[in-house]
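Contents: one structure, followed by commentary.
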Amino acid sequence: MITVQDIHAAKAAISEIIHTTPILQSEQLSRLCNNQIFLKSEHLQKTGSFKIRGATNKVKHAVQEGAQSITAASSGNHGQAVAYIANQLDVPATIVIPTDASQCKVEAIQAYNGKIEMCGTTSAERIPRAKQLAEKQTGVYIPPYDDPYIMAGQGTVGLEILEQVKDADAIVVPVGGGGLISGILTAIKETNPGIKVYGVEPKIANDTYLSLNNNKITAIPATSTIADGLRTSQPGDLTFPVLQKYLDDLVLVSEDEIRFAFSFVMERMKQLIEPSSAVAIAALINNRLPLANKTVVTVVSGGNVDISRIGELIVPTNHQ
Ligand SMILES: *Cc1c(COP(=O)(O)O)cnc(C)c1O
C-alpha cells in the first residue's frame, strides 16, 4: 500500500507542472446543503482534470527508468493528461481510443501531440493493445488508476486540501476506479484521521458500493451513466484495499440528482463541471451523508464536457 510519504514525494515531483487549484465557495450551495461547502476546483487544473497529477508522477518515473515511449488506453481525461505530460517531457505517446470516441476528444489528444490509435469499443480491447504497443516501442503503459505512482499523484489533492481548508470536517469524492479517493484517503487518514472521507458513485455505476458490501472486488456490466468518468466496471486491486481500510462511507446518487447538481453549479456558480464531479455535490444536496453545519470540501474532479451535450444535462433549478 502507498503511504503519505509517497504522496509527499509525488507532490515534490509534480509541483512545477501542475496548478495548485483554487477553493471556490457559494453561499447558495452551502445553504442548500446545510453545510459550509468548499469546492476543490480541479476543473481548473491543467488539461481540465486532476488526472494530470497521477499521470505526471507516473510518466516522470517511467522516463527516469528509461522509457522511450508512453502508451495509455483512454479517450477521456486520462488520455489527455498522459498526452500532455509526455509532450512536456519530450517522449512520444500513443493513446488507444475507442472507434466511437467523439471528435472533440480526439482533437484534445492531438493538440498535445499525442498519436491516436483506434481499437474496438471496450476497455477489454483497448488495454491489451496499449500494453502490446508499449512492449513493441520500449515503452511503458500508463494505467488510469491501479498503480502506486498514479494513486500517490492523485493523493496530492488531499495534501492541498489540508493546507487550504484548515478546519475541514469532511471531504466528499467521486469514485470511478478509486485512484483519486485512495490517494486522498491515504493523505488524509495518515495526517489527520479525524477528517471524514466519503465516496460517491452513480446508482447505475455502483461497482465500488457492491464491492464494499460484498467485501471483495465485484464487477458490474457496462453502464451508460452521464458521469462518464465513473463508468469503470470494478475498483482496482490496489485501490480497493485502501478504501476497505480507511473509507468512512460510500453513497449513491441518481442520474436526475447528478443533472440537478450539474445545473445548479453552472447556473449559480457559473462553473462548468463534469457530471462525474457533480455526483459528490448531488450527495450533499440530497442529504445522503451524516453532515450538518460542518465544513465540507467536495472535490470537483474535472470540467471537460463536450459542449454539444450540455443541453441534455441541464434541468431547471428554481424549485428550491
Ligand atoms: C477519472 C475521473 C474520476 C474518477 O477517478 P478514479 O481515480 O477513477 O476513481 C472522477 N472524475 C473525473 C472528472 C475523472 O476524470
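Indexing begins at 1, ligand by ligand and atom by atom, following the structure's order. Note that these values count all heavy atoms, side chains included, but never hydrogens, waters or copies made by symmetry.
- With hydrogens left out, the protein atom closest to atom 12 (C) of ligand 1 is Ser301 OG, 3.3 Å, a heavy atom.
- In the model, Glu125 has a side-chain atom that pairs as donor or acceptor with a side-chain atom of Thr122 under 3.5 Å.
- Thr21 pairs in a side chain to side chain donor-acceptor pair (under 3.5 Å) with only one of the listed residues (Gln45, His43, Glu42), which is Glu42.
- Atoms of ligand 1 found under 4.0 Å from any heavy atom of Gly178, numbered from 1 in the order shown, are 6 (P), 7 (O), 8 (O), 9 (O).
- Under a 4.0 Å criterion applied to the non-hydrogen atoms of Glu274, ligand 1 contributes the atoms 13 (C).
- Distances below 4.0 Å separate heavy atoms of Asn77 from the following atoms of ligand 1: 13 (C), 14 (C), 15 (O).
- Residue, atom and distance of the protein heavy atom nearest to atom 5 (O) of ligand 1 are Phe50 CZ, 3.4 Å.
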For this session: Could you walk me through whether Met1 and Leu238 pass the side chain to side chain contact (heavy atoms under 4.5 Å, CB included) test, one step at a time?
Result: CA-CA 7 Å; Met1 259 189 222; Leu238 302 180; over 6 Å; no

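- Salt bridge status for Asp167 with Lys294: absent, with no side-chain N to carboxylate O gap under 4.0 Å.
- If you look at Lys51 next to ligand 1, the close heavy atoms, those under 4.0 Å, all belong to the side chain.
- Side chains of Ser277 and Ser301 form a contact here, defined as non-hydrogen atoms less than 4.5 Å apart.
- Close approach to Gly302 involves these atoms of ligand 1, each under 4.0 Å from a residue heavy atom: 13 (C).
- Put simply, the residue from Lys51, Glu274, Lys105 that forms a side chain to side chain donor-acceptor pair (under 3.5 Å) with Asn77 is Glu274.
- Under a 4.0 Å heavy-atom criterion, Leu230 is in contact with ligand 1.
- Close contacts of ligand 1 with Gly177, meaning ligand atoms under 4.0 Å from a residue heavy atom, involve 6 (P), 8 (O), 9 (O).
- Checked against a 3.5 angstrom limit, the closest N/O atoms of Gly229 and ligand 1 fall outside it.
- Counting only distance, with no hydrogens or angles, the side chain of Asp207 and the backbone of Ala219 share no donor-acceptor pair below 3.5 Å.
- Between the side chains of Gln164 and Lys40, at least one donor N or O lies within less than 3.5 Å of an accepting N or O.
- Close contacts of ligand 1 with Gly179, meaning ligand atoms under 4.0 Å from a residue heavy atom, involve 6 (P), 7 (O), 9 (O).
- Assignment of Gln154 to the shell around ligand 1 is not supported, since no heavy atom sits closer than 4.0 Å.
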